[in-house]
Amino acid sequence: MSEEKRGETFVMRGESVTGAPEAPITFSTFLIGLASSALIHLGEAPNPETGKSERDLVLARQSLDLLGLLQDKTRGNLTPEEKQLFDNLLADLRLRFVEANKR
């Protein structure tokens, strides 16, 4: 049986664009990906599509709300390491959001 994973508009075969095998996604890498999205919207990291840092506080807020919702829904089901990473990421992002709103 093939290891294809069908997306909405394309087929993924477990390889990156460069052809190197990708490591399986973990909950921690998933969280870091969501946190990266929040950082991009806060203007603290460049948008990978444009290479420019652009601030969009509405999208940043949505990313933070999504992370907060995910934290609520996973409460009691995380390893101590996952919980610590999640708590630290969310606290840092929330602080950055407050600072961005002051500017």
Side-chain angles (χ1 to χ4, degrees):
M1 181 174 211
S2 173
E3 290 192 43
E4 288 184 349
K5 299 175 192 169
R6 296 215 176 259
E8 288 184 26
T9 58
F10 58 91
V11 176
M12 301 182 325
R13 290 188 168 80
E15 292 184 354
S16 69
V17 175
T18 62
E22 291 183 4
I25 191 166
T26 65
F27 188 72
S28 295
T29 57
F30 175 66
L31 288 179
I32 291 169
L34 291 175
S36 296
S37 177
L39 287 172
I40 290 167
H41 297 311
L42 286 169
E44 303 230 358
N47 182 325
E49 293 178 9
T50 65
K52 297 178 184 175
S53 292
E54 303 161 349
R55 186 179 301 163
D56 187 332
L57 294 180
V58 171
L59 291 177
R61 172 50 117 187
Q62 288 177 355
S63 293
L64 288 172
D65 288 347
L66 175 63
L67 283 163
L69 174 70
L70 189 59
Q71 186 180 46
D72 290 343
K73 294 295 184 179
T74 58
R75 188 164 282 125
N77 293 311
L78 302 177
T79 66
E81 295 81 15
E82 290 169 337
K83 182 183 179 323
Q84 183 176 8
L85 173 65
F86 208 161
D87 291 346
N88 291 342
L89 274 176
L90 202 46
D92 181 60
L93 290 170
R94 285 177 172 156
L95 180 62
R96 289 173 189 254
F97 181 80
V98 168
E99 290 298 319
N101 269 317
K102 289 180 182 177
R103 295 184 219 148

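Along the sequence shown, residues carry numbers from 1.
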Under 3.5 Å, which donor-acceptor pairs do the side chains of residues 55-67 form with other protein atoms, sequence neighbours left out?
unit_1, atom_1, unit_2, atom_2, d
Asp56, OD1, Val58, N, 3.2
Asp56, OD1, Leu59, N, 3.2
Ser63, OG, Leu59, O, 3.2

inquiry  = I'd like to know whether Asp87 forms a side chain to side chain contact (heavy atoms under 4.5 Å, CB included) with Gln71, so could you lay out the CA-CA distance, the side-chain angles of the two residues, the decisive distance to 0.1 Å, and finally the verdict.
reply    = CA-CA 8 Å; Asp87 291 346; Gln71 186 180 46; 2.8 Å; yes
ask   = Rounded to the nearest 0.5 Å, what separation is found between the CG atom of Leu85 and the CG atom of Leu90?
value = 10.5 Å
Acceptor/donor pairs from residues 37-45 side chains to any protein atom, 3.5 angstrom cut, sequence neighbours excluded:
unit_1, atom_1, unit_2, atom_2, d
Ser37, OG, His41, NE2, 3.4
Glu44, OE1, Arg96, NH1, 2.4

request  = Kindly write out the residues that satisfy side-chain contact (heavy atoms from CB on, under 4.5 Å) with Ser53, not counting sequence neighbours, or none if the list is empty.
outcome  = Pro46
query = With the 4.5 Å side-chain cut-off for hydrophobic clustering, are Phe27 and Ile25 part of the same group?
reply = yes
query = Does a side chain donor of either Glu82 or Asn77 reach within less than 3.5 Å of an acceptor in the other side chain?
reply = no
query = Does a side-chain heavy-atom distance below 4.5 Å link Thr74 with Lys83?
reply = no
inquiry  = What I'd like to find out is whether the side chain of Leu70 reaches to under 4.5 Å of the side chain of Leu31, using heavy atoms alone.
reply    = yes
task = Could you check if a side-chain atom of Thr29 sits within less than 4.5 angstrom of a side-chain atom of Thr26, using non-hydrogen atoms only?
result = yes
message = Please check if the number of heavy atoms outside Gln84 that lie under 6.0 Å from its CD is greater than 12.
response = no
